[in-house]
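Side chains are part of it too, since the values below use all heavy atoms of this structure and drop only hydrogens, waters and symmetry mates. Every chain is numbered from 1 and lettered A, B, ... according to where its sequence line falls, protein lines coming before strand lines.
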2 protein chains.
Amino acid sequence: MNAASDRLKEARDEFVAQWGALGTQWGINRTMAQIHALLMTAPQALSTDEVMEELEVSRGNAHTNLKELVAWGLVRIVVKKGDRREYFEAEKDVWKIFITVARERKRREIDPALGVLRKCAEDSEGIDTPEGRAFCEQMRQLEEFVEFASKMADKVAAMKHGFALQMAAKLFG
Amino acid sequence: MNAASDRLKEARDEFVAQWGALGTQWGINRTMAQIHALLMTAPQALSTDEVMEELEVSRGNAHTNLKELVAWGLVRIVVKKGDRREYFEAEKDVWKIFITVARERKRREIDPALGVLRKCAEDSEGIDTPEGRAFCEQMRQLEEFVEFASKMADKVAAMKHGFALQMAAKLFG
DNA sequence: TCGTATTTTCAGTATTTACTGAAACCAATG
DNA sequence: CATTGGTTTCAGTAAATACTGAAAATACGA
């Protein structure tokens, strides 16, 4: 009974710590990843103070990263009646998490690249030397590909989980 | 004639600068992204010194990032006979670039996550409380999904460009 | 309205990551 | 086997990023 809750606490702490470490590897700051891990495995929504205590971080840090997670759409604010504090609750459905992350990364990584490539392709259009044509062609190919990726991302993000699975099964037997 | 080569230089510098800035957004260091942009748009392979001069960075920096790009598989070393220097040449085919990046990111981002999730699922197996079961179930779902993503990545990485396009067309009209 | 609980901001500081420049190393050549 | 041209390493430094803690702002209830 107590042993069970100890084991759980240990396993969960391990998950939070490891997920935090992974986060840094993918350019997400450690605290944000830890908070996400914590909330994903929390039975109920947590307050800022609970997050602070659990992870031993400052209020400012907890606050900033909670709000950042809300901005990503991975965490919701929950209000409990008769309580003035805000509570935070993570999306737990893995497919929804995936869609959210994919959409956000597209917005932050793919779309800006597309902008750059379009501009460069345009700026180099009609530079009438072999090098100029090669450069412009390279820009065009990059642009075309990134555009394709962008559209694919949109399509996938619009899928229901079941449909995605079915599709994958069909494709890859 | 001279105007054309000026315009090209300008467009290319712009691309290198912008690609570098984008790089930082996706957790790649700026110099590495800049070198990659430079080599992708270079008519021939460049030496370390040429890279240093073009980007105005130190030898150490140029060297480290060139070798890192080689480690990623995005850049090849070229030797010219009668010349003791090493030259560097980037892969220019967008599909090959994509495959390479996808494979590398899978290795660096997906596989470690899978390891963590498997361990956490295992460690929490059989914790016989409602919270314990919920935690373990969450770990399992994450694991299952990441495994699925991993397999998909492998499949896509094994595709030929033409096949991928065809498939996308079929799927999404 | 005032006092209190809570959230938000931010200047200062700590930590991490990237870069420089020079020394050490290595390999080809006379 | 010494010299030269080139590569690699790395200690020190600069720059970027993350975090703290406390003050300021805001929202609520009496």
Requested in this report: Taking the side chain as every heavy atom from C-beta outward, state whether M40(A) and L142(B) have any pair of such atoms under 4.5 Å apart.
Outcome: yes

Query raised in the report: More than 12 foreign heavy atoms under 6.0 Å from CD of E104(A): is that the case here?
Result: yes

Extract all donor-acceptor atom pairs below 3.5 Å that involve side chains of residues 111-123 of chain B and protein atoms in other chains or at least two apart in sequence.
| from | atom 1 | to | atom 2 | distance (Å) |
| --- | --- | --- | --- | --- |
| D111(B) | OD1 | K106(B) | NZ | 3.3 |
| R118(B) | NH2 | E147(B) | OE2 | 2.5 |
| K119(B) | NZ | D123(B) | OD2 | 2.5 |

Query raised in the report: Rounded to the nearest Å, what distance is computed from the CG atom of residue D83(B) to the P atom of nucleotide dA27(C)?
Result: 17 Å

Report task. Show your reasoning for whether side chain to side chain contact (heavy atoms under 4.5 Å, CB included) applies to W72(B) and M32(B). Result -> CA-CA 11 Å; W72(B) 270 69; M32(B) 186 169 152; 3.6 Å; yes

Query raised in the report: Could you walk me through whether E125(B) and R133(B) pass the salt bridge (charged side-chain N to carboxylate O under 4.0 Å, His left out) check?
Result: CA-CA 8 Å; E125(B) 183 122 349; R133(B) 277 188 291 273; over 6 Å; no

Query raised in the report: Closest nucleotide of DNA chain C for R84(A) versus for R84(B): which of these residues is on the 5' side?
Result: R84(A)

What N/O pairs connect the protein and nucleotides 20-24 of chain C at under 3.5 Å? Give each pair on its own line.
| from | atom 1 | to | atom 2 | distance (Å) |
| --- | --- | --- | --- | --- |
| dT20(C) | OP2 | S58(B) | N | 2.7 |
| dT20(C) | OP2 | S58(B) | OG | 2.9 |
| dT20(C) | OP2 | N61(B) | ND2 | 3.1 |

Query raised in the report: Rounded to whole angstrom units, what separation is found between the CZ atom of F88(B) and the C1' atom of dG6(D)?
Result: 11 Å

Report summary line: Taken to the nearest whole Å, CE/M52(A) to P/dA18(D) is 20 Å

Query - Nucleic acid contacts - residues 66-82 of chain B versus DNA chain C, non-hydrogen atoms under 4.0 Å - result: none

Query raised in the report: Which atoms form the tightest heavy-atom contact between I110(A) and S150(A), and what is the distance?
Result: CG2-CB, 3.9 Å

**Report entry** Rounded interatomic separation in angstrom, taking CD from Q34(A) and P from dA18(D)
**Finding:** 13 Å

Query raised in the report: So which pairs with a foot in residues 97-117 of chain B pass ring pair (Phe, Tyr, Trp, His ring centres under 6.0 Å), sequence neighbours left out?
Result: F145(A)-F98(B), W95(B)-F98(B)

**Report entry** Euclidean distance, atom NE2 of residue H63(A) to atom C1' of dA24(D) [Å, nearest integer]
**Finding:** 13 Å

Anything under 3.5 Å between a protein N or O and an N or O of nucleotides 11-15 of chain D, put it in a table, one pair a line.
none

Report task. Considering non-hydrogen atoms only, spot the tightest contact between M52(A) and A62(A) and give its length. Result -> CG-CB, 3.7 Å

Query raised in the report: Of the non-hydrogen atoms in A33(A) and G20(A), which two are nearest, and what is the gap between them?
Result: CB-CA, 3.8 Å

Requested in this report: Identify the two heavy atoms, one from K92(A) and one from L39(A), that lie closest to each other, and give their separation to 0.1 Å.
Outcome: CE-O, 3.9 Å

Report task. Kindly say if N29(A) contacts the phosphate of dT17(D), meaning a side-chain N or O under 4.0 Å from OP1 or OP2. Result -> no

Query - Rounded distance (Å) that lies between atom C1' of dA27(C) and atom CZ of R85(B) - result: 16 Å

Query raised in the report: Under 4.5 Å between any side-chain heavy atoms of E109(B) and Q25(A), yes or no?
Result: no

Query raised in the report: Taking all non-hydrogen atoms of both residues, which atom of E91(B) and which atom of I97(B) are closest, and how far apart?
Result: O-CD1, 3.4 Å

Query - Consecutive-pair stems (3 or more, Watson-Crick or G-U, under 3.5 Å) for DNA chain C - result: C:1-30 with D:1-30

Query raised in the report: N65(B) CG to dT17(C) P: how many Å, rounded?
Result: 15 Å

Query raised in the report: Y87(B) versus E50(B): any side-chain heavy-atom pair under 4.5 Å?
Result: yes

Requested in this report: Please name the residue in the list T24(B), N61(B), N65(B) that meets the side chain to side chain donor-acceptor pair (under 3.5 Å) test with N29(B).
Outcome: N65(B)

